[in-house]
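Just below is one structure, and these are the notes that go with it.
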Amino acid sequence: MPASDFLQEASDRGFVHQCTDLDALRIVMSAGPTPAYIGFDCTADSLHIGSLVQIMILRLLQKHGHKPVVVMGGGTTRIGDPSGKDESRQMLTDAQIGANMAGIKRCFGPFLRFGDGPSDAIMVNNADWLDRLGYVDLLRDVGTHFTVNRMLTFDSVKLRLDREQPLTFLEFNYMILQSYDFRELYRRHGVVLQIGGSDQWGNIVSGMELTRRSDGKHVFGLTTPLITTASGAKMGKTASGAMWLTEDRLSPYDYWQFWRNTEDADVGRFLRLFTDLPMDEIARLEALGGSEINEAKKVLANEATALAHGREKSAVAAETARLAFEVGVAADTLPSIEIPHAELAGGIPAFRLFVQAGLVASNGESRRLIRGGGARVNDVAVTEEGQVVGLGDLRDGAIKLSAGRKQHKLVRAG
């Protein structure tokens, strides 16, 4: 059986959940550069860490000489993917979708090389073909290859029906349009592999079946596992909000801190998925015990942040963390917020200030943090929820707020 370096490393690193015909795909990928695509709907103006597995497998694909195809869902976003959702997505205007698409495009530059070469990535927008479809023509061309019976068996549909949640006819069509994408990408760019999260299995299989029935072509599907932390939390979401990939939505320092705070049990797995480090180096880091595991977490944070934001910004984030945690000073590079001078002059209750700074999500959470002894102003514990913080607390032009040992923010007067 011919070997595929990409499939072998993808499996070794933990990217492979399911594959429709692994042996046949090995043969295809061992023969030369193979175009493969992943679709990204434009529901926000950035992607967060929850999408990073998909970006990293495209990066791995390119590393082994294959061609990544990034599909912007300019058309499918107008419908909304029901996969894994209990309720309908909010409908977005075309202007919102366009703005979101422009933001999302920035996420791929640090990870992929785009160009015209055999293994250079390309980016396409499925609105280019979906927006031109005539309804009756689509029904005659594509609808005949789908049965409602089979569509009802896929998890994206069953989940809603089993929970007696509404599934609109609009959303029911999402599977058909994603299937159409696969066939169109095969025809336009020779794409023979679709990759997606495990919740996309039904959509991927449907696209394969459409391409086989209409074009007589054997194409493939591969899914990645749903990534959760060792404690069961969903990747990319934290108490303070989503961990975005673009700097305007999340600072490199906060991004670095997210990886530095990885649970011990996740360090090896995350090094394999989210860095380019060699497997033998990862094995060495994963084997560290006791307090030494913190050094592995710093390596994870350094490498993951360097991929998203560049090596220089990663180094600045690491040094900022060292000064804040190991030396105990408030570094100028800590994330900061600006509060109007007049507002600070009047004084702000500490529990409210921690919410304004984004260190906690609500007043109630802030009060609990203070009662538990985890809130500090200028490294001094806050003992009263109503303690007033104001201009008199400025130190070298800033007030340092700390929530626990790992979250810090500087407050400056505007």
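- Legend: residues meeting salt bridge (Lys or Arg N to Asp or Glu O under 4.0 Å) with E9, ordered by chain and number and at least two apart, are R13, K63.
- Taking the salt bridge (Lys or Arg N to Asp or Glu O under 4.0 Å) definition, one finds that K67 meets it with nothing, sequence neighbours left out.
- Sorted by first and then second residue, the salt bridge (charged side-chain N to carboxylate O under 4.0 Å, His left out) pairs with a member in residues 92-103 read R78-D94; sequence neighbours excluded.
- Between atom CE of residue M123 and atom OH of residue Y37 there is a gap of 15.0 Å, rounded to the nearest 0.5 Å.
- Side-chain atoms of S206 and Q178 form no donor-acceptor pair, as typed in the model, at a separation below 3.5 Å.
- Listed by chain and number, the residues in a side-chain hydrogen bond (donor to acceptor under 3.5 Å, both in side chains) with R368 amount to none (sequence neighbours excluded).
- Ion pairing between R322 and E319 holds under the 4.0 Å rule for side-chain N and carboxylate O.
- At least one cation-pi condition fails for R59 and F111: the charged atom is not both under 6.0 angstrom from the six-membered ring centre and inside a 45 degree cone around its axis.
- Applying the ring-ring contact (aromatic ring centres under 6.0 Å, His included) criterion to H189, with sequence neighbours excluded, gives no partner residue.
- A donor-acceptor contact under 3.5 angstrom links the side chains of S46 and T246, judged on distance only.
- In this structure, R113 places its CZ atom where more than 12 heavy-atom neighbours from other residues, nucleotides or ligands lie under 6.0 Å away.
- Between the side chains of T223 and H17, no donor-acceptor pair of N or O atoms lies under 3.5 Å.
- We find that R269 and E286 are not joined by a salt bridge, their nearest charged nitrogen and carboxylate oxygen being 4.0 Å or further apart.
- Partners of R311 by salt bridge (Lys or Arg N to Asp or Glu O under 4.0 Å), not counting sequence neighbours, listed by chain and number: E303.
- Atom CG of D266 sits about 9.5 Å away from atom CG of L300, to the nearest 0.5 Å.
- Ring planes of W259 and F274: tilted class, angle from 30 to 60°.
- A salt bridge links D141 with R183: the closest approach of a Lys/Arg side-chain nitrogen to an acidic carboxylate oxygen falls below 4.0 angstrom.
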